[in-house]
Amino acid sequence: MTSLGDAIPYVAGALAVGGIAVTLSGRRDFMLRWCAWAVAVPVVVAALYAGPAGAAALASAAGIVCAIEYGRLTSLPRPDRVMLTVVVAVLPAAAWWVPSQLPRVLIAAVVAVALVPLLTGDAVGGLRRLSLAVLGVVWFAPLVGVVLLGPAALPVFVAVSLTDIAASFGGRLLGGPPLSPLSPAKRWGGVLAGAAAGLGALAVLDAFTVPLTVAVVLGAPLGDLLESMVKRGAGVKDSASWLAGAGGLLDRLDSLLVALALALLLT
């Protein structure tokens, strides 16, 4: 597998090519999304270059933002949001400090968020609150993969990012049947284009292994569909609006979360 330092020129090249592509497309939304990636990629690379501590800090920060967006998206009460945000932030830190105890920490996280509606005695909306909070823990827990996957975390991040971008372009150019009723605008042509881009990224970064291939090819579209299901249930288009033209951070990390989960499961 290509080392982090050796991978930087490839990552920079991919950003440059993407910038040229979105400029030629003339689409403002694509340009804004590329700008978001242009800011995010150096931050991710710098954090991973700092080692496990940097990876844990990056994953915890991302988890906090995603948990806040998810809490607002699903209209969870404030106590549930606070508890979910705390446990999601703790999980990557536990993966760094006490990786052998991570299963226990994960169980404790699920119990902690489940206790909030129980202790408040919510007989009307308690089951909904408990279910959504536990889903939040399970959904964001794979961020521990940023720590546990070590050098493989960067290829997964790059491959999933390129998969998302290529799927967006490919869906418009190639068309094909809708991917799912959960997201009718997404087409199978985009899925195939995204898979090809993701596999190409893994090959270039010398990370073309069966576990990572499965994680990227299956995880990216499944993660996108999972968030689409949650947003449709909530009746909203984006998880937030603070990223110009790109919604919220959860809108950008939805594919990565499931890809990380599969990578952890298979690696």
Side-chain angles (χ1 to χ4, degrees), residues 59-95 101-148 160 179-186 215 218-242 247-266:
S60 291
I64 289 171
V65 176
C66 286
I68 292 172
E69 291 182 358
Y70 174 76
R72 291 174 178 169
L73 174 67
T74 55
S75 300
L76 279 173
R78 183 176 296 276
D80 304 69
R81 296 186 200 181
V82 172
M83 182 60 74
L84 176 61
T85 302
V86 170
V87 300
V88 167
V90 166
L91 287 172
Q101 299 300 315
L102 190 57
R104 289 186 175 89
V105 177
L106 180 57
I107 293 172
V110 171
V111 171
V113 297
L115 281 176
V116 176
L118 289 176
L119 296 179
T120 55
D122 189 349
V124 177
L127 179 59
R128 175 184 178 276
R129 291 168 58 185
L130 186 151
S131 301
L132 288 173
V134 171
L135 172 60
V137 175
V138 175
W139 195 3
F140 305 136
L143 284 168
V144 301
V146 177
V147 180
L148 298 179
V160 170
L179 177 59
S180 167
L182 292 171
S183 189
K186 293 178 175 61
L218 293 184
L222 289 177
D224 191 66
L225 289 179
L226 174 58
E227 197 205 7
S228 294
M229 181 178 69
V230 174
K231 289 192 295 187
R232 279 185 172 274
V236 299
K237 183 178 182 295
D238 295 316
S239 66
S241 58
W242 63 277
L249 185 62
L250 184 53
D251 293 318
R252 303 278 61 82
L253 297 186
D254 53 358
S255 298
L256 180 64
L257 290 169
V258 177
L260 286 173
L262 291 176
L264 288 170
L265 180 65
L266 299 173

Atom [atom1] of [X] and atom [atom2] of [Y]: how far apart are they, to the nearest 0.5 Å?
X      : Y      : atom1 : atom2 : value
Thr120 : Asp80  : OG1   : CG    : 7.0 Å
Leu143 : Leu91  : CG    : CG    : 9.0 Å
Leu225 : Leu179 : CG    : CG    : 4.5 Å
Cys66  : Glu227 : SG    : CD    : 8.5 Å
Asp254 : Leu226 : CG    : CG    : 8.0 Å
Leu256 : Leu250 : CG    : CG    : 11.0 Å

Minimum heavy-atom separation for [X] to [Y], with atom names?
X      : Y      : answer
Ala259 : Val160 : CB-CG2, 3.7 Å
Leu102 : Ala94  : CD1-CB, 4.0 Å
Leu84  : Gly136 : CD1-C, 3.9 Å
Ser239 : Leu73  : CA-CD1, 4.4 Å
Leu148 : Ala95  : CD2-O, 3.9 Å
Pro92  : Val144 : N-CG1, 3.9 Å

Taking [X] for its side chain and [Y] for its backbone only, find out whether a donor-acceptor pair lies under 3.5 Å.
X      : Y      : answer
Asp224 : Ser255 : no
Arg129 : Pro77  : no
Ser183 : Ser180 : no
Lys231 : Val236 : no
Tyr70  : Leu132 : yes

message = Is there a side-chain contact (heavy atoms from CB on, under 4.5 Å) between Asp251 and Glu69? Walk through the geometry before answering.
response = CA-CA 10 Å; Asp251 293 318; Glu69 291 182 358; 5.7 Å; no
task = Go through Leu135 and Val137 one step at a time and tell me if the side-chain contact (heavy atoms from CB on, under 4.5 Å) criterion holds.
result = CA-CA 5 Å; Leu135 172 60; Val137 175; over 6 Å; no
request  = Could you give me the CA-CA distance, side-chain angles and deciding distance for Leu115 and Val111, then say whether side-chain contact (heavy atoms from CB on, under 4.5 Å) is met?
outcome  = CA-CA 6 Å; Leu115 281 176; Val111 171; 4.0 Å; yes
message = Atom CZ of residue position Arg128 - does it have more than 12 heavy atoms of other residues, nucleotides or ligands inside 6.0 Å?
response =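 Yes, enclosed.
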ask   = Tell me, do Val88 and Ile64 make a side-chain contact under 4.5 Å, heavy atoms counted?
value =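 They are not in side-chain contact.
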key: Pairwise side-chain contact, Leu260 with Leu262, heavy-atom cut-off 4.5 Å (strictly under)   =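 Result no, sub-4.5 Å side-chain heavy-atom pair not found.
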